[in-house]
Amino acid sequence: MLRYVYGNELSNYPVLQDTMHRDRARQFAERLKWDVHVCENGWERDEYDAMNPLYVIWENRDGTHGGSMRFLPTTERTMVNDHFSALLNGVDIRSPFVWECTRFVLGTGAQPRVAAAMMLAGGELMRAFSLTHLLGVFDPRMVRIYGMIGASPEVLGSSGKGRDKISVGLWPFRPQDRIRVLKRAGLSSEISEHWFNRSFGQPIMQMQKVA
Amino acid sequence: MKALELDTFLRALEQADALEQIQDLIVGLRDTFEIDHVVYHWVSADGEQYGFGTYDPAWAQRYVERDYIRIDPVIVGCFQQFHPVDWKRLDWSSKAAREFRKDAQGYGIGNQGFSIPIRGPNGQLALFTASHTTDDESWAEFTGKHQRDWILMAHYLNQKALELEKGRAPEPVRALSPREVDALTYLGMGYGRGQVADLLSISEHTLRAYIESARFKLGALNTVHAVARATSEGLIIIGGAARAASGGWPGRHRDGKVPKSAAG
């Protein structure tokens, strides 16, 4: 299932939190050999995790992490603007309608539908909060995965070669993508909305008129 | 809200040089939208707060006296978050929250609310809020229709409020990047978006992101407004001066650099 969780609520889900940071260490430090910091407890965690980002996390049946990504508004400090502006021809994207999406990671053995579910979640965020784009940082493997699930970003710039390549790209909000991504994720529109509402609060309380 | 009205609001906001003027503008917004209240509320992590808007001053005073900032589900729920919130989605289940709500409604706050949180440094939170007395359906229609405008207004208002309130300096406005200058220059010259995207060798979707970003940095309402502001501030040059300049058109330079004549 999908969870939308702010950083300050993450400790309510200790298994999810622990396995997410460990999966990030596995993907970014061990496999991709990015210059990231792995703490003594085996977690990959950086300064942007300290900015209370919003995480989208796929939770496996056993409560462990199946995949995740991290969002921050581009009106604040962001990883893209701090570290990757050279890949953007110096463009420093700031808009309340563009959120940054970083640390896209899949758990070991995650099914392709997990990646699709997370793209779906990105779309749900754009739809709910009037976003026009997500601005992402990703590695070459993710480019293939995004392509497979029919949600390729537009790559704005890349650095490095082969496995070391890092790219920055944009996903525009296209309402018509939703149906395709739902299908790839094997999910119904209703369940996606249910998960969204469970995380952001059920809008069920009747705010009855005061007489 | 009609674009023209939003435009008038943003232009007046831009020129405001005292908090009292912002207060007047907010009253005007409330009247334009035909809702009960519009409020701007700023709080720091240690509970310092200030704000302005259309709430009954007696309610504002009571809010402070009763230290409602510790109970108010809008403050508690939006703290450290950055997505727009319909009050219905917040947690009103505690006894304190329910009593607070009853008290607030007694002061005519309304049964519906919608707040845009904007985070500042060191745990600061600014909230721009609309509240009204109506049923769920028409409120959903209102927020759905106006969310985008409210997000923009929230950011521009917050910038101005921080600018005018001493010691709460906003983030410095970022300069336009060369590609943003290119995009606005071409648009100002009358090219369509498709043509501009072609000229810059990017997709229309990416062009849109550049325009959104430039627009936000310029505090502009829409693309036309952004081009006008960039021109009046000398950030871009359109027309005779640029045509006569020796540097060529922006965008001819495939390295993304802009000739000095266009960059101003």
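The sequence lines fix the lettering, A, B, ..., with proteins before strands; numbering per chain opens at 1.
Using a 4.5 Å cut-off between heavy atoms, A:L125 makes no contact with chain B at all. Residue A:F200 touches chain B through both its backbone and its side chain, counting heavy-atom pairs closer than 4.5 Å. For A:L156, the part sitting under 4.5 Å from any heavy atom of chain B is the side chain, from C-beta outward, and nothing else. Looking at A:I93, the atoms closer than 4.5 Å to chain B (heavy atoms on both sides) sit in the backbone and in the side chain alike. When heavy atoms are compared at a cutoff of 4.5 Å, A:N8 approaches chain B solely by way of its side chain, counted from C-beta outward. When heavy atoms are compared at a cutoff of 4.5 Å, A:W99 approaches chain B solely by way of its side chain, counted from C-beta outward. Of the two parts of B:Y210, only the side chain, counted from C-beta on, holds a non-hydrogen atom closer than 4.5 Å to a non-hydrogen atom of chain A. With a threshold of 4.5 angstrom between heavy atoms, A:F129 approaches chain B through its backbone and through its side chain.
Checked for salt-bridge contact, A:D49 and A:R103 miss the test: no charged N lies under 4.0 Å from a carboxylate O. Between A:D139 and A:R141, no side-chain nitrogen of the basic residue sits less than 4.0 Å from a carboxylate oxygen of the acidic one, so the salt-bridge criterion is not met.
Across B:F114 and B:P84, no two heavy atoms sit closer than the pair CZ-CB, 3.8 Å.
Under a cut-off of 6.0 angstrom, the local environment of CD in B:E141 is sparse, with at most 12 non-hydrogen atoms contributed by other residues, nucleotides or ligands. The number of heavy-atom neighbours closer than 6.0 Å to CD of A:E40, taken from other residues, nucleotides and ligands shown, is 12 or below.
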**Message:** Walk me through whether A:R70 and A:T102 qualify under side-chain hydrogen bond (donor to acceptor under 3.5 Å, both in side chains).
**Reply:** CA-CA 5 Å; A:R70 178 179 73 180; A:T102 56; 3.1 Å; yes

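By number of non-hydrogen pairs under 4.5 angstrom with chain A, the leading residue of B:H155, B:R208, B:Q81 is B:Q81. Between chain A and the residues B:W139, B:F216, B:F82, the largest count of heavy-atom pairs under 4.5 Å involves B:F82. Top candidate by heavy-atom pairs under 4.5 Å with chain A, chosen from B:R119, B:Q147, B:Q80, is B:R119. Contact count versus chain A (heavy atoms, under 4.5 Å) is highest, among B:R215, B:E180, B:H205, for B:H205.
Between the side chains of A:Y6 and B:H83, a donor-acceptor pair is found at a separation under 3.5 Å.
Here NE2 of B:H37 is found 11.5 Å from OG1 of B:T129. Values are rounded to the nearest 0.5 Å.
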